[in-house]
Amino acid sequence: MEWKEALALLQENHTGVAATVTAKGRAQSTIVSTAVLDGKIGVATRPRTVKAKNIERTGRAAITVIKLDNRRFVTVEGPASIEPWQDTPAHIKRLKDFYVSMGRAKGSDAEFAQQMRDEQRSLILVTPEQLYGSL
């Protein structure tokens, strides 16, 4: 499957599962909200989550995005990067862009910025290396 084929499903659906590998080699998965940003699939996360720790160690992740009404899905595997929380206008704008692409940016810019400060959100972005699924 190519990125272009998968893009519509990834942009229109935001429920997913992020999978990483623990230090003991076990699979770790988490239900997440997803969005496309800069040609990558990503999630916003709170500080020091298990998925973030695993990605810091391995540099890899897989995210499966699910279209709930018909169970179609796309899994994106590849190198994963973390943009850690920074209380800067640039990072808060990146988070806002991410949430807007999910349709979940609520309130004024000041209210959004305060919520991000309270939650200290980081961004995890997975570069598509391998894609598969059922469209």
Side-chain angles (χ1 to χ4, degrees):
M1 176 181 298
E2 297 295 321
W3 180 253
K4 282 183 169 181
E5 293 173 82
L7 196 52
L9 186 141
L10 297 172
Q11 289 175 322
E12 295 167 9
N13 299 277
H14 306 290
T15 300
V17 177
T20 59
V21 177
T22 69
K24 293 185 178 184
R26 295 186 177 127
Q28 185 275 330
S29 61
T30 306
I31 303 295
V32 293
S33 295
T34 67
V36 173
L37 186 65
D38 299 339
K40 301 175 183 180
I41 190 73
V43 302
T45 187
R46 293 176 189 254
R48 305 307 303 158
T49 61
V50 173
K51 66 183 161 289
K53 290 177 189 177
N54 290 339
I55 290 168
E56 286 172 356
R57 193 184 66 265
T58 67
R60 298 193 60 82
I63 297 177
T64 300
V65 179
I66 306 156
K67 184 174 181 176
L68 295 172
D69 65 350
N70 66 6
R71 294 192 181 146
R72 299 292 184 211
F73 70 95
V74 171
T75 298
V76 179
E77 295 180 359
S81 62
I82 300 172
E83 296 179 14
W85 166 250
Q86 300 171 55
D87 193 354
T88 65
H91 185 71
I92 292 170
K93 182 182 180 327
R94 292 274 292 160
L95 288 164
K96 180 86 176 213
D97 291 345
F98 180 82
Y99 279 92
V100 164
S101 70
M102 258 194 299
R104 289 188 48 202
K106 298 178 183 169
S108 69
D109 285 350
E111 291 167 332
F112 179 84
Q114 187 57 54
Q115 182 180 358
M116 294 301 102
R117 283 185 187 100
D118 293 346
E119 297 175 4
Q120 297 187 345
R121 294 280 175 160
S122 298
L123 281 173
I124 293 173
L125 297 172
V126 177
T127 301
E129 186 176 79
Q130 182 173 344
L131 289 89
Y132 53 91
S134 173
L135 295 173

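Positions are given from 1, in the same order as the sequence printed here. Because the structure is predicted, anything quoted here is derived from the model rather than measured.
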(request) Under the side-chain hydrogen bond (donor to acceptor under 3.5 Å, both in side chains) rule, what do Gln28 and Thr30 come out as? Steps first, then yes or no, please. (result) CA-CA 7 Å; Gln28 185 275 330; Thr30 306; 2.8 Å; yes
(request) Show your reasoning for whether side chain to side chain contact (heavy atoms under 4.5 Å, CB included) applies to Arg117 and Trp85. (result) CA-CA 9 Å; Arg117 283 185 187 100; Trp85 166 250; 3.8 Å; yes
(message) Please evaluate residues Leu95 and Glu119 with respect to the criterion side chain to side chain contact (heavy atoms under 4.5 Å, CB included), reporting the C-alpha separation (whole Å), side-chain torsions for both, the decisive distance (0.1 Å), and the verdict.
(response) CA-CA 12 Å; Leu95 288 164; Glu119 297 175 4; over 6 Å; no
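In this structure, Lys4 does not pair ionically with Glu2, as no charged nitrogen and carboxylate oxygen lie closer than 4.0 Å.
Nearest heavy-atom pair, Ala35 versus Phe98, reported as atom, atom and distance to 0.1 Å: CB-CE1, 3.5 Å. Taking every heavy atom of both residues into account, Gly107 and Lys96 meet most closely at O-NZ, 4.1 Å. Scanning all heavy atoms of the two residues, the minimum distance from Glu77 to Tyr132 falls at OE2-OH, 2.7 Å. A pairwise comparison of heavy atoms in Thr34 and Asn13 identifies OG1-O, 3.7 Å as the closest pair. The heavy-atom pair separating Glu129 from Pro79 by the smallest distance is OE2-CD, 3.8 Å.
Using a distance-only test at 3.5 Å, with no hydrogens or angles considered, no donor-acceptor pair links the side chain of Asp38 to the main chain of Lys40. Between the side chain of His91 and the backbone N or O of Leu123 there is no donor-acceptor pair closer than 3.5 Å. Although no hydrogens or angles enter the test, the distance criterion places no donor-acceptor pair under 3.5 Å between the side chain of Thr20 and the main chain of Ala61.
Between Ser33 atom OG and Met102 atom CE the span is 5.5 Å, to the nearest 0.5 Å. Atom CD of Gln86 is separated from atom OG of Ser122 by 9.0 Å, given to the nearest 0.5 angstrom. Taking CD1 of Ile66 as the reference point, atom NE2 of His14 lies at 13.5 Å (rounded to 0.5 Å). For the atom pair CE of Met116 and OH of Tyr99, the computed distance is 4.5 Å after rounding to the nearest 0.5 Å. Residue Ile92 holds its CD1 atom at 11.5 Å from CD of Gln115, rounded to the nearest 0.5 Å. Distance check: Lys53 NZ to Arg48 CZ gives 5.0 Å after rounding to the nearest 0.5 Å.
The other residues sharing a hydrophobic cluster with Leu10 are Met1, Trp3, Leu7, Leu9, Val32, Val36, Ile41, Val43, Ile55, Ile63, Val65, Val74, Val76, Ile82, Ile124, Val126, Leu131, Leu135, where clustering joins ILVMFWY side chains under 4.5 Å apart.
The only option from Arg57, Lys51, Glu56 that meets the side chain to side chain donor-acceptor pair (under 3.5 Å) definition with Asn54 turns out to be Arg57.
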